[in-house]
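Down below is the structure, laid out as structure tokens.
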Amino acid sequence: MARVCIITTVRDPGVCLESFIRYHLALGIAHIYIFFDDPEDPAIQVALQFSDVTAIPNDEALQVQQALGNVLYPKYGPHVGYEVMARQILNVETAIQLALDQGMDWILRIDGDELFYPGQTTAPNWFDRVSDDIFQVTFLNHEAAPEAFEIEDYFREVTLFKRNPAILDPGFYTQFQKISSKSQYFLAYQNGKSAARIYPSLLPNSVHSFDIPGDHTLVTSSPSILHYLNCGFQNYYKKYAQLGNFPDYWWRSKSNPIRVPFHLTSRDAYCSGDRTRMEALYQEFILYNNPEASQSLMENGILTRICYPSQLLSSLSTSPV
């Protein structure tokens, strides 16, 4: 059976971290490497309860190790102080070496607000069937459509999702706007997240993929990544409080403008100090609390109900693994 591991970098994940861990271990994930951006994060203690989880704080020891030993450090090291993506990419490189030492076959990089969703099968069963000439699989993502204003553990509470635009008919957007009265569909990325076969020289080339030629890459929407973006107003507010007044550009480079309008609008609303502006944005763009409209969007194949993660989590024991 394929030994599949997950690498993620988190900051103050709250109660959702335990669900993230339990769900993926129940899918047959062999190991999870969790890098804690805040080395004092209390959630580290949650991760330490699980024998198949390695908790790695972003402390001086890690920073020195990456500066001295990571192939990608000359490229990304200068940005680690202000760009989370730089830290994420270096953490993936570090996790690859840990996974090699532990005999892992595949490594999947996702964020702490995402789940790998293989349907009704297990992760090892699915990866066992991947053709030998495929070294990377990119899983398209579906984006959560929360139905409540306040949500605590979104992995347990959210079951409605916007299907990835790549698998919808070209005219879906007009239909979506007409039914939902919302002006934006996906509020973040839509190009998926990737897993790669592990070998000694494997490296990431972004937070979405690895440095593997396209003719050895499979892109699929089944399995998929479930992205629980901004689920619950408090989680949405906390996210932008952590990000603060970030620039209009990735990597602080004017050649890399941030082309995610809602991300910039949310930043500006938080930085204005007017909480009601953020509440209005949450209600207008994030919240799907009109049952009739949501039902119509589901009937038209734009939204979909995915209950399996919530049901699986409800069935699991709460004792440490």
Side-chain angles (χ1 to χ4, degrees), residues 2-10 20 24 29 31-35 37 66 70-77 79-80 83-100 104-118 123 126-127 129-143 163-167 186-229 249-251 253 255-260 263:
R3 301 196 72 203
V4 185
C5 65
I6 285 175
I7 152 69
T8 190
T9 298
V10 301
F20 177 94
H24 286 115
I29 295 296
H31 205 87
I32 305 174
Y33 303 96
I34 304 178
F35 290 76
D37 218 27
Q66 292 182 337
N70 282 42
V71 172
L72 295 175
Y73 193 84
K75 180 176 182 180
Y76 294 106
H79 306 284
V80 295
E83 181 59 75
V84 65
M85 288 191 293
R87 300 192 295 276
Q88 288 173 328
I89 291 169
L90 290 173
N91 291 344
V92 174
E93 183 184 352
T94 299
I96 289 168
Q97 296 308 310
L98 294 172
L100 273 169
M104 298 294 155
D105 301 306
W106 287 87
I107 186 165
L108 168 65
R109 199 216 78 82
I110 56 177
D111 288 332
D113 62 351
E114 296 173 330
L115 297 179
F116 176 63
Y117 176 58
W126 192 86
F127 280 95
R129 300 196 298 268
V130 177
S131 173
D132 290 344
D133 65 338
I134 296 298
F135 290 88
Q136 175 171 238
V137 183
T138 298
F139 304 101
L140 294 180
N141 57 296
H142 305 307
E143 190 174 278
R163 298 175 71 215
N164 191 284
I167 62 173
F186 265 37
L187 302 178
Y189 78 94
Q190 60 188 54
N191 56 330
K193 293 289 178 70
S194 301
R197 290 188 192 271
I198 299 173
Y199 53 90
S201 60
L202 175 67
L203 291 171
N205 62 9
S206 75
V207 296
H208 294 273
S209 59
F210 296 83
D211 193 13
I212 292 172
D215 56 350
H216 292 287
T217 297
L218 170 69
V219 180
T220 181
S221 62
S222 181
S224 60
I225 300 299
L226 303 181
H227 187 193
Y228 294 77
L229 177 73
Y249 311 95
W250 301 119
W251 310 100
S253 168
S255 63
N256 290 292
I258 297 175
R259 295 188 176 92
V260 188
H263 190 43

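Throughout, numbering of the chain's residues begins at 1 and tracks the sequence.
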Original post:
Would N91 and Q66 satisfy side chain to side chain contact (heavy atoms under 4.5 Å, CB included), going step by step from the backbone distance to the final call?
Top reply: CA-CA 8 Å; N91 291 344; Q66 292 182 337; 3.0 Å; yes
Any donor and acceptor pair, going by atom type alone, linking the side chain of [X] with main-chain N or O of [Y] inside 3.5 Å?
X: H216; Y: D133; answer: yes
X: S209; Y: N205; answer: no
X: S224; Y: N141; answer: no
X: E114; Y: Y228; answer: no
X: D105; Y: V4; answer: no
X: T9; Y: Q88; answer: no

Original post:
Is the count of non-hydrogen atoms from other residues, nucleotides or ligands lying under 6.0 Å from R129 atom CZ greater than 12?
Top reply: yes
**OP:** Applying side chain to side chain donor-acceptor pair (under 3.5 Å), name anything that partners D132, two or more places apart in sequence or on another chain.
**Re:** none
**OP:** With sequence neighbours left out, write down each residue that passes side chain to side chain donor-acceptor pair (under 3.5 Å) with S201, or none if nothing qualifies.
**Re:** none
Just how far is it from atom [atom1] of [X] to atom [atom2] of [Y], taken to the nearest 0.5 Å?
X: D211; Y: Q136; atom1: CG; atom2: CD; answer: 9.0 Å
X: I258; Y: W250; atom1: CD1; atom2: CH2; answer: 4.5 Å
X: T94; Y: I89; atom1: OG1; atom2: CD1; answer: 12.0 Å
X: H24; Y: H31; atom1: NE2; atom2: NE2; answer: 14.5 Å
X: L98; Y: Y33; atom1: CG; atom2: OH; answer: 5.5 Å
X: L218; Y: F135; atom1: CG; atom2: CZ; answer: 13.5 Å

Least distance between heavy atoms, [X] atom then [Y] atom:
X: T8; Y: G112; result: OG1-N, 3.2 Å
X: I96; Y: P204; result: CD1-CD, 4.1 Å
X: S131; Y: R197; result: O-NH2, 2.9 Å
X: Y189; Y: I225; result: OH-CG2, 4.1 Å
X: N164; Y: A166; result: OD1-N, 2.9 Å
X: I198; Y: C5; result: CD1-SG, 4.2 Å

Original post:
What pairs with Q97 under side-chain contact (heavy atoms from CB on, under 4.5 Å), at least two apart in sequence or on another chain?
Top reply: L100
So do the side chains of [X] and [Y] get within less than 4.5 Å of each other, counting heavy atoms only?
X: T217; Y: F210; result: no
X: S221; Y: I167; result: yes
X: I107; Y: L202; result: yes

Original post:
Out of D113, V10, L115, which residue meets the side chain to side chain contact (heavy atoms under 4.5 Å, CB included) rule with F20?
Top reply: L115
Subject >> Parallel, tilted or perpendicular: ring planes of W106 versus F127, cut at 30 and 60 degrees >> reply: tilted
**OP:** Give me the ring orientation class for H79 and W251: parallel if the planes are under 30° apart, tilted from 30 to 60°, perpendicular past 60°.
**Re:** perpendicular
Original post:
Are T220 and S222 linked by a side-chain donor-acceptor pair shorter than 3.5 Å?
Top reply: no
Please name all residues satisfying salt bridge (Lys or Arg N to Asp or Glu O under 4.0 Å) with [X], sequence neighbours left out, ordered by chain then number.
X: D37; answer: R11, R87
X: E143; answer: K162
X: D111; answer: R109, K193

**OP:** Dump the intermediate steps for ring-ring contact (aromatic ring centres under 6.0 Å, His included) on F139 and W126, then the final yes or no.
**Re:** CA-CA 12 Å; F139 304 101; W126 192 86; 5.5 Å; yes
